[in-house]
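A short worksheet on the structure shown next.
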Amino acid sequence: MDEKENTATLEKQEVPQTGAAAPDPSAARVETLLRRLEEQSVLQTKLAKKRLFWARLSTAVFAVALMLLAGRVIPAVERTLTNANTTLLEVTTLAQQLEGADIPAILDNLDQTLTESRASLAEASEAVQAVSSIDFESLNQAILDLKRLVENPLGSLFGR
C-alpha cells in the first residue's frame, strides 16, 4: 500500500506545471479516477484475502469433521463386516452339515419315535383307566378287615 501511494505521489509530481496556465480538467479527472481505481483495487485485494482466509478455514474445519466422522464410521463398518463374515461362515457350515445329513432317515426315525410315544400314551391311558376302575371303598374295607384280624387274638400268635 505504501508503494502505491508513492507511485501516486510521483505521478502527481511528474505532471508538468506551466506557469500561469490552469491544469487541464480532463487530466485532473483522469488522475482522480485512477486514484479511485487504485483504492478500489486495494479494497478488493483485502476482501479477496479475507475470502481466502475464510475459505481455507472452512476447508480445514470440513476436513477435521470428515476425519472425525471417518474415525467413527470406519470401525463400525469393519465390525459389521466381521459379523457378516462370521454369520456367513456359520451358514456355510450349517449348509454343509445339512447337505451331509440323511434327511429321509431322520424323518423315519422321528416318525418311529412318534409311533412309539403314541403306543406309550395308549398304555398309560389303559393304566389310568385300570387305576380309576379300582373300587377304593372296597379296598379300604378290606384293609380295615385285615387290620382287625391282625389285632385280634390270632394276631397275638404272630407276635402282635
Side-chain angles (χ1 to χ4, degrees), residues 1-137 139-140 143:
M1 190 161 141
D2 292 331
E3 186 176 323
K4 291 180 183 180
E5 288 176 356
N6 289 337
T7 306
T9 306
L10 287 175
E11 289 175 358
K12 287 180 188 177
Q13 291 174 356
E14 290 176 6
V15 175
Q17 300 283 334
T18 53
D24 187 13
S26 64
R29 188 173 177 190
V30 169
E31 189 175 319
T32 304
L33 288 174
L34 285 175
R35 261 190 261 124
R36 285 185 185 169
L37 284 174
E38 187 175 336
E39 289 171 0
Q40 288 297 319
S41 175
V42 169
L43 288 175
Q44 287 179 355
T45 303
K46 285 181 182 179
L47 183 62
K49 285 181 181 180
K50 285 181 182 179
R51 285 182 183 165
L52 179 63
F53 168 76
W54 288 111
R56 286 179 178 168
L57 182 65
S58 63
T59 302
V61 168
F62 180 73
V64 168
L66 190 61
M67 282 197 266
L68 290 175
L69 181 67
R72 292 188 64 135
V73 169
I74 290 174
V77 169
E78 286 178 351
R79 280 191 303 272
T80 302
L81 289 176
T82 301
N83 290 341
N85 284 338
T86 304
T87 304
L88 221 84
L89 287 174
E90 290 174 1
V91 167
T92 303
T93 303
L94 183 61
Q96 289 172 349
Q97 289 174 352
L98 285 175
E99 199 174 280
D102 187 12
I103 301 294
I106 292 172
L107 290 176
D108 286 343
N109 190 12
L110 181 62
D111 187 46
Q112 185 180 17
T113 304
L114 288 174
T115 303
E116 290 173 1
S117 66
R118 282 188 195 122
S120 297
L121 284 174
E123 290 173 6
S125 176
E126 290 173 7
V128 168
Q129 285 177 357
V131 168
S132 67
S133 68
I134 295 175
D135 183 13
F136 285 104
E137 285 183 30
L139 181 63
N140 284 338
I143 291 172

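Just so it is clear, the structure is predicted and the values come from calculations on it, not from any experiment. Each residue takes its place number in the sequence, starting with 1.
Residues Leu94 and Glu90 have side chains not in contact (no heavy-atom distance under 4.5 Å, counting atoms from C-beta outward).
The CG atom of Leu43 lies 13.0 Å from the CZ atom of Arg36; values are rounded to the nearest 0.5 Å. The distance from the CG atom of Asn85 to the CG atom of Leu81 is 6.5 Å, given to the nearest 0.5 Å. One finds the CD1 atom of Ile134 at 12.5 Å from the CD atom of Gln129 (value rounded to the nearest 0.5 Å). Between the CG atom of Leu47 and the NZ atom of Lys49 there is a distance of 12.0 Å, given to the nearest 0.5 Å.
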What side-chain donor-acceptor pairs closer than 3.5 Å can you find for residues 114-127, not counting sequence neighbours?
unit_1, atom_1, unit_2, atom_2, d
Thr115, OG1, Asp111, O, 2.9
Ser117, OG, Thr113, O, 3.4
Ser117, OG, Leu114, O, 2.8
Ser120, OG, Glu116, O, 3.1

Just list the side-chain donor-acceptor pairs under 3.5 Å for residues 50-73, sequence neighbours left out, or say none.
unit_1, atom_1, unit_2, atom_2, d
Ser58, OG, Trp54, O, 3.1
Ser58, OG, Ala55, O, 3.0
Thr59, OG1, Ala55, O, 2.7

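Side-chain N or O atoms of Ser41 include none that pairs as donor or acceptor with a backbone N or O of Leu37 at under 3.5 Å.
Salt-bridge formation is detected for the pair Arg35/Glu31: a Lys NZ or Arg NE/NH1/NH2 atom is positioned less than 4.0 Å from an Asp or Glu carboxylate oxygen.
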